[in-house]
Amino acid sequence: MAQFQSLPGFREFYPDAFARRSHIFRGWRRAAHAYGFSEYDAPVLEPLDLYKAKSGDEIEAQLFSFTDKGGREVALRPEMTPTVCRLVGARANALKRPIKWCSIGEFYRYERAQKGRERAFFQFNCNIFGEPGPEAEIELIGLLVQALTGFGLTADDFYVRLSDRTLWLHYLASLGLDEARSKAVLGAVDKFEKIGDDAFKGYAEAHGPLPEDVKAKVLAFLKIKSLSALEETLAPIGGESLQARLADWRKLVNGLAAMGLGEFVEVDFGVVRGLAYYTGFVFEAFDRKGELRAIAGGGRYDDLVKKLGGPDLPAVGFAIGDVTMGLLLDQRGLMPSFGPAAEVYVVIGGEAERAAAFLDIAGLRAAGYRVEYPLKDLAFGKQFKAAAESGAKLALIYGGDELAKGVVKLRDLADRSEHEVPRAAVVEAVRDHLSGGA
RNA sequence: GCGGUCAUAGCUCAGUUGGUUAGAGCACAAGAUUGUGAUUCUUGGGGUCGCGGGUUCGAAUCCCGUUGACCGCCCCA
């Protein structure tokens with residue numbers, strides 16, 4: 001047993017695990033590219049105050065934070081949102097709109113590791129800045145869906161739950177609740193799905209029992225699962241801001257439907273999301289079976305750029321984590337296995353043939369082919385076995401007989417056919433074989 | 001931060017009421033096989049039984065502590 005092991009919640013990526021991680025990153029980048037997002041990155045270590053400013057002092061308990069040798073209070077980044085808000089805020093006036101940015105980075109949270117949650121994990125973060133309307137949400141949710149379907153996941157595997165803090169607050173105001181009471185109700189709504197009626201205990205402690213008729217309306221609102229049901233509930237209430245918000249909802253839901261994403265999206269006002277900097281639409285992606293933690297989450301935070309010292313700039317964003325998404329891909333059999341992937345295996349007769357083989361190996365590699373050969377002398381039988389295991393489609397045989405004739409024997413490892421080619425034409429022969437044969 | 005379960009080879013696991021030198025399969029390596037591959041056979045390397053302490057003539061096995069993993073709570077940006 002090793003004397004030192006990795007810290008709790010930190011993962012080591014042996015080559016097979018690294019290949020899986022790369023597969024995930026590739027899929028994310030492919031989707032972001034299709035949607036026209038530009039990739040950026042930023043420091044892993046940030047001033048602690050950046051996170052306190054965004055989320056409050058209590059956040060520190062869940063951070064990898066410490067004092068550096070210069071006496072600075074610092075923290076490993078637990079998320080990308082404050083960083084990207086700072087970056088965009090600093091150059092907001094010079095950036096072409098709409099600002100569509102994405103990144104893939106590692107994040108660190110000092111929390112108890114659990115299934116689907118590590119202390120170090122990767123996230124795909126996507127943001128749109130400068131667009132106040134639901135058009136930004138349409139674009140982002142579209143990207144979110146494609147970032148998952150790109151791996152072969154379907155609407156049978158996951159869905160996106162759509163909710164709205166703005167609409168909640170307007171609706172609760174129409175029920176006669178002030179701001180403090182509304183926030184307490186939202187806290188209860190957040191917990192209701194998990195613990196049921198007990199969720200309202202916190203509200204009762206702070207503000208006295210919630211009137212039964214109000215509570216009934218809140219629970220009925222929670223059950224709304226479609227735009228038409230939403231319209232039915234809100235139409236009789238009237239009120240300018242409420243109706244304007246309803247128009248935003250129509251735009252969002254209809255826009256997503258027009259993109260063909262209707263089956264991926266569900267209206268669900270049970271989604272509120274934790275730390276209260278979200279200002280509008282919020283959304284979360286879950287597996288359909290409900291076995292895993294949230295796959296992705298996001299929403300609008302129009303106040304955050306300004307709060308962090310930038311201009312008044314509306315913002316929407318989401319993040320997908322690599323851990324839960326990887327588990328889902330495993331469960332659905334969508335994680336490919338990554339074996340060795342040599343294209344050409346060079347069989348070398350012995351020490352005398354090695355120099356000639358090396359010259360051609362170097363030439364093939366310079367041409368971009370992935371070429372393997374035995375580092376030490378091996379019996380022919382062993383070399384052919386190694387060639388088969390290397391994943392190569394063809395073998396080049398450098399034996400004494402061949403070199404005496406100035407040729408190389410080219411063997412197709414799949415159909416076991418062989419023919420000789422002049423050494424001078426090895427690169428061309430390999431190119432023809434790999435492009436034509438496949 | 002708080003509970004519950006668990007910890008034996010790189011992986012999956014055996015290991016009897018405490019009893020000699022802790023085993024198997026897979027994986028890895030060498031040979032059978034010095035010019036042709038998925039089989040087979042032989043052999044080998046790899047363990048202070050998570051770590052520390054205790055009980056005992058004797059501990060992988062029983063007890064205590066500790067670390068880690070998993071599950072749940074809190075939280076989940």
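Proteins get letters first, then strands, A, B, ... in listed order; numbering begins at 1 in each. Since we're looking at a predicted model, the values are computed, not measured.
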Which of these nucleotides, rC71(B), rA69(B), rG31(B), is closest to any side-chain atom of Lys382(A)?
rG31(B)
Taking the six-membered ring for Trp, are the ring centroids of Tyr301(A) and Tyr277(A) within less than 6.0 Å of each other?
yes
Quick check, are the ring centers of Phe221(A) and Tyr171(A) under 6.0 angstrom apart?
yes
Whole-Å C1' distance, rU33(B) and rC70(B)
48 Å
Leu304(A) has an atom CG; how far is it from atom P of rA77(B), in whole Å?
14 Å
Among rG37(B), rC74(B), rU34(B), the one nearest Gln114(A) by side-chain distance:
rC74(B)
Counter-base of rA59(B), judged by Watson-Crick or G-U geometry with both distances under 3.5 Å
none
Mate of rU17(B) where both pairing distances stay under 3.5 Å, Watson-Crick or G-U
none
rC49(B) and rA7(B), which share atom name C1', separated by this distance in whole Å
10 Å
Taking the P atom of each, how far is rU66(B) from rC28(B), in whole Å?
41 Å
Looking for any heavy atom pair under 4.0 Å, which part of the strands does Glu402(A) touch: base, sugar-phosphate only, or nothing?
base
Does rU36(B) have Phe380(A) stacked on its base, where the ring centres are within less than 5.5 Å and the planes differ by under 30°?
no
Say you pick atom C1' in rC74(B) and the same atom in rC2(B); how far apart are they, in whole Å?
8 Å
Which part of the nucleic acid does Pro8(A) contact within heavy-atom distance under 4.0 Å: base, sugar-phosphate only, or nothing?
sugar-phosphate
Kindly indicate, with the supporting measurements, whether the criterion side-chain contact (heavy atoms from CB on, under 4.5 Å) is fulfilled by Val265(A) and Tyr159(A).
CA-CA 6 Å; Val265(A) 179; Tyr159(A) 67 114; over 6 Å; no
Gap in Å between the two P atoms, one belonging to rU48(B) and one to rU43(B), rounded:
25 Å
Figure out the CZ/P separation between Phe318(A) and rA77(B), and round it to whole Å.
15 Å
Please compare Gly297(A) and Ser6(A) by the position of their nearest nucleotide in RNA chain B and report the one closer to 5'.
Ser6(A)
Strand partner of rU5(B), provided both Watson-Crick or wobble distances fall under 3.5 Å
rA69(B)
Please classify the nucleic acid contact of Glu418(A) as base, sugar-phosphate, or nothing, using heavy-atom distances under 4.0 Å.
base
Atom-pair distance (CZ on Arg117(A); P on rG1(B)), nearest Å
13 Å
Atom OH of Tyr398(A) and atom P of rU36(B) are separated, to the nearest Å, by 20 Å
No-H, no-angle donor-acceptor pair, Lys409(A) side chain to rU36(B) base, under 3.5 Å:
yes
Can you tell me how far P in rG58(B) sits from the matching atom in rU20(B), rounded to whole Å?
15 Å
Can you check the Leu375(A) CG to rA29(B) C1' distance for me, whole Å?
15 Å
Checking all strands, does Gly9(A) fall into the base, sugar-phosphate, or nothing category for heavy-atom contacts under 4.0 angstrom?
sugar-phosphate
Can you tell me the pairing partner of rG47(B) across any strand shown, Watson-Crick or G-U wobble, with both distances under 3.5 angstrom?
none
For RNA chain B, what residues of residues 104-113 of chain A have any heavy atom nearer than 4.0 Å?
Arg109(A), Glu111(A), Arg112(A)
So how far is it from Ile104(A) CD1 to Gln123(A) CD, rounded to the nearest 0.5 Å?
11.0 Å
Should the pair Arg20(A)-Asp330(A) be classified as a salt bridge under the 4.0 Å nitrogen-to-oxygen rule?
yes
Between the base of rG37(B) and the side chain of Arg411(A), is one N or O donor paired with an acceptor at under 3.5 angstrom?
yes
If we take the C1' atom in both rA22(B) and rU8(B), what is their distance in whole Å?
8 Å
Just jot down the side chain to side chain donor-acceptor pair (under 3.5 Å) partners of Glu428(A), sequence neighbours excluded, or say none.
none
Suppose you measure atom P in rG46(B) against the same atom in rG10(B); what distance do you get, rounded to whole Å?
11 Å
Salt bridge or not between Asp412(A) and Lys393(A)? Use side-chain N to carboxylate O under 4.0 Å.
no
Contact class for Gly400(A) (heavy atom, under 4.0 Å): base, sugar-phosphate, or nothing?
base
If each of Glu284(A) and Phe10(A) is mapped to the nucleotide of RNA chain B with the nearest heavy atom, which maps nearer the 5' terminus, i.e. the 5' end?
Phe10(A)
Roughly, in whole Å, what's the span from CG in Asn127(A) to C1' in rA77(B)?
13 Å
Measure from the side chain of Asp401(A), starting at C-beta and using heavy atoms only, and say which of rG35(B), rG37(B), rA77(B) lies closest.
rG35(B)
How long is the line joining CD of Gln62(A) and C1' of rA77(B), in whole Å?
9 Å
What nucleic acid atoms does Gln383(A) come within less than 4.0 Å of, heavy atoms only: base, sugar-phosphate, or nothing?
nothing
Is the distance from the ring center of Phe318(A) to that of Trp28(A) below 6.0 Å?
no
Under 3.5 Å on both distances, the Watson-Crick or G-U partner of rG10(B):
rC26(B)
What's the CZ-P distance between Phe283(A) and rA77(B), to the nearest Å?
12 Å
When you measure from the side chain of Thr324(A) to the backbone N and O of Ile295(A), does any donor-acceptor pair fall under 3.5 Å?
no
Does Arg416(A) get its side chain close enough to the base of rU36(B), under 3.5 Å, for a donor-acceptor pair?
no
Can a salt bridge be assigned to the pair Arg300(A) and Glu137(A) using a cut-off of 4.0 Å between side-chain N and carboxylate O?
yes
